[in-house]
Amino acid sequence: DFALWVEPIDEAIHTVTAANLDSLLDDVIVISYPIIKTVDVDYRVQGRVDRFDADENGLVVLTVQWVVVDSKDEPVIAPQRQRYEAKALNRDSPDAVANAMNEALEAFSRDVAASLKPVRLQAG
């Protein structure tokens, strides 16, 4: 209750996920939200986080709905709803909980990156 994030959690989710995707997708330029309308993009990941928290035992749960759309807003990957879990090594440590939250975001990022590989192969 007394631990504060450096930035608002919704901004942190965008920042961390974009950085993860940028490192996972070598030949792609990842632009983080909010995107500038004048920038042409080939694909956009859209989504909604339904749950992202840690319980009293240090179990982090991330539940997210997401889809990848092309430049015409047509889905190129079917909408997904996924749940990720990670366990904090020390439930009383804000650092350990933050690390578990990062693990959940990394798992989500790996799934998004993996789903984009076949799409990129078809386009390329």
Heavy-atom pair with the smallest gap, counting every atom of [X] and [Y]:
X	Y	result
Val76	Tyr43	CG2-CD2, 3.9 Å
Ala86	Ala100	CB-O, 3.3 Å
Asp111	Trp66	O-CH2, 4.4 Å

field: Cationic N near anionic O, under 4.0 Å, Arg44 to Asp70
entry: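 No, Arg44 and Asp70 are not salt-bridged.
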- prompt: With the threshold set at 4.0 Å, does a side-chain nitrogen-carboxylate oxygen contact exist between Glu85 and Lys87?
  reply: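 Salt bridge flag = no for Lys87 with Glu85.
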Are [X] and [Y] packed together at the side-chain level, in the sense that at least one heavy-atom pair is separated by less than 4.5 angstrom?
X	Y	value
Asn99	Met101	no
Arg83	Arg51	yes
Leu25	Leu116	yes
Thr63	Arg81	yes

Interatomic distance, [X] atom [atom1] to [Y] atom [atom2] [nearest 0.5 angstrom]:
X	Y	atom1	atom2	answer
Asp10	Thr15	CG	OG1	9.5 Å
Phe108	Gln82	CZ	CD	7.5 Å
Tyr84	Glu106	OH	CD	12.5 Å

Hydrophobic clusters here meaning ILVMFWY residues chained together by side-chain heavy-atom distances under 4.5 Å, can you tell me if [X] and [Y] are in one?
X	Y	result
Val28	Val69	no
Val67	Val41	no
Val61	Leu89	no

Val49 vs Ile13, side-chain contact (heavy atoms from CB on, under 4.5 Å): CA-CA, chis, key distance, verdict: CA-CA 9 Å; Val49 174; Ile13 292 169; 4.1 Å; yes
query: Distance only, no hydrogens: is a donor on one side chain within 3.5 Å (strictly under) of an acceptor on the other, for Ser109 and Asn20?
result: yes
task: Using the side-chain contact (heavy atoms from CB on, under 4.5 Å) rule, pick out the option among Val64, Val60, Thr17 that qualifies with Leu105.
output: Thr17
Asn57 side-chain N/O to Leu59 backbone N/O, donor-acceptor pair under 3.5 Å: no
